[in-house]
Amino acid sequence: MSLSSHLEQLKKKHEILSEKVEAVQRAPGTPDLQIAELKKEKLRLKEEIARLSVDA
């Protein structure tokens with residue numbers, strides 16, 4: 001897998017996760033821990049995208 005296709009895949013995962021975070025935040029009764037875990041994963045993806053973009 002090339003670096004550019006890997007970056008695109010990570011960006012797509014980040015976008016999907018972003019939409020999921022928004023959805024669970026709107027849903028009543030969603031545990032704060034679940035929201036926090038999703039946000040951490042989203043941040044991890046964003047950091048990896050940034051790191052790979054600098055290397056590219």
Side-chain angles (χ1 to χ4, degrees):
M1 176 184 300
S2 72
L3 181 59
S4 61
S5 64
H6 183 59
L7 272 171
E8 287 303 314
Q9 187 179 29
L10 289 174
K11 287 177 184 178
K12 184 172 182 173
K13 284 182 181 180
H14 183 268
E15 183 179 334
I16 290 168
L17 196 52
S18 182
E19 292 169 1
K20 187 172 183 177
V21 167
E22 289 178 24
V24 297
Q25 286 180 319
R26 286 192 301 264
T30 304
D32 290 341
L33 182 60
Q34 181 182 359
I35 295 170
E37 288 173 352
L38 290 171
K39 286 183 174 183
K40 283 181 187 176
E41 178 65 14
K42 183 180 165 191
L43 179 59
R44 188 192 66 76
L45 285 172
K46 183 178 179 181
E47 289 172 344
E48 185 174 353
I49 291 166
R51 182 181 60 80
L52 292 174
S53 295
V54 170
D55 292 345

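Since this is a predicted model, take the numbers as computed values, not measurements. We number each residue from 1, following the sequence as shown.
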Approximate separation, where rounding is to 0.5 Å, of Ile49 CD1 and His6 NE2
9.0 Å
Return the set of residues passing salt bridge (Lys or Arg N to Asp or Glu O under 4.0 Å) with Glu37 (not counting sequence neighbours), or none when no residue passes.
none
Might you work through the side-chain contact (heavy atoms from CB on, under 4.5 Å) test for Arg51 and Glu47, ending with a clear yes or no?
CA-CA 6 Å; Arg51 182 181 60 80; Glu47 289 172 344; over 6 Å; no
Glu8 and Lys12 ion-paired at < 4.0 Å
no
Side-chain heavy atoms under 4.5 angstrom apart, residues restricted to Ile, Leu, Val, Met, Phe, Trp, Tyr: same cluster for Leu3 and Leu10?
yes
Could you tell me if the side chain of Glu41 sits less than 4.5 Å from the side chain of Lys13, heavy atoms only?
no
Hey, does the side chain of Ser18 reach the backbone of His14 with a donor-acceptor pair shorter than 3.5 angstrom?
no
Hey, could you give me the CG/NZ distance between Leu17 and Lys46, rounded to the nearest 0.5 Å?
12.5 Å
From Glu22 atom CD to Ile35 atom CD1, the distance as rounded to the nearest 0.5 Å
12.0 Å
As a test of understanding, state which of Thr30, Leu33, Val24 forms a side chain to side chain contact (heavy atoms under 4.5 Å, CB included) with Leu38.
Val24
Let me check something: do Leu43 and Leu7 share a hydrophobic cluster, defined by ILVMFWY side-chain heavy atoms less than 4.5 Å apart, either directly or through other members?
no
Just wondering, more than 12 heavy atoms not from Lys42 lying within 6.0 Å of its NZ?
yes
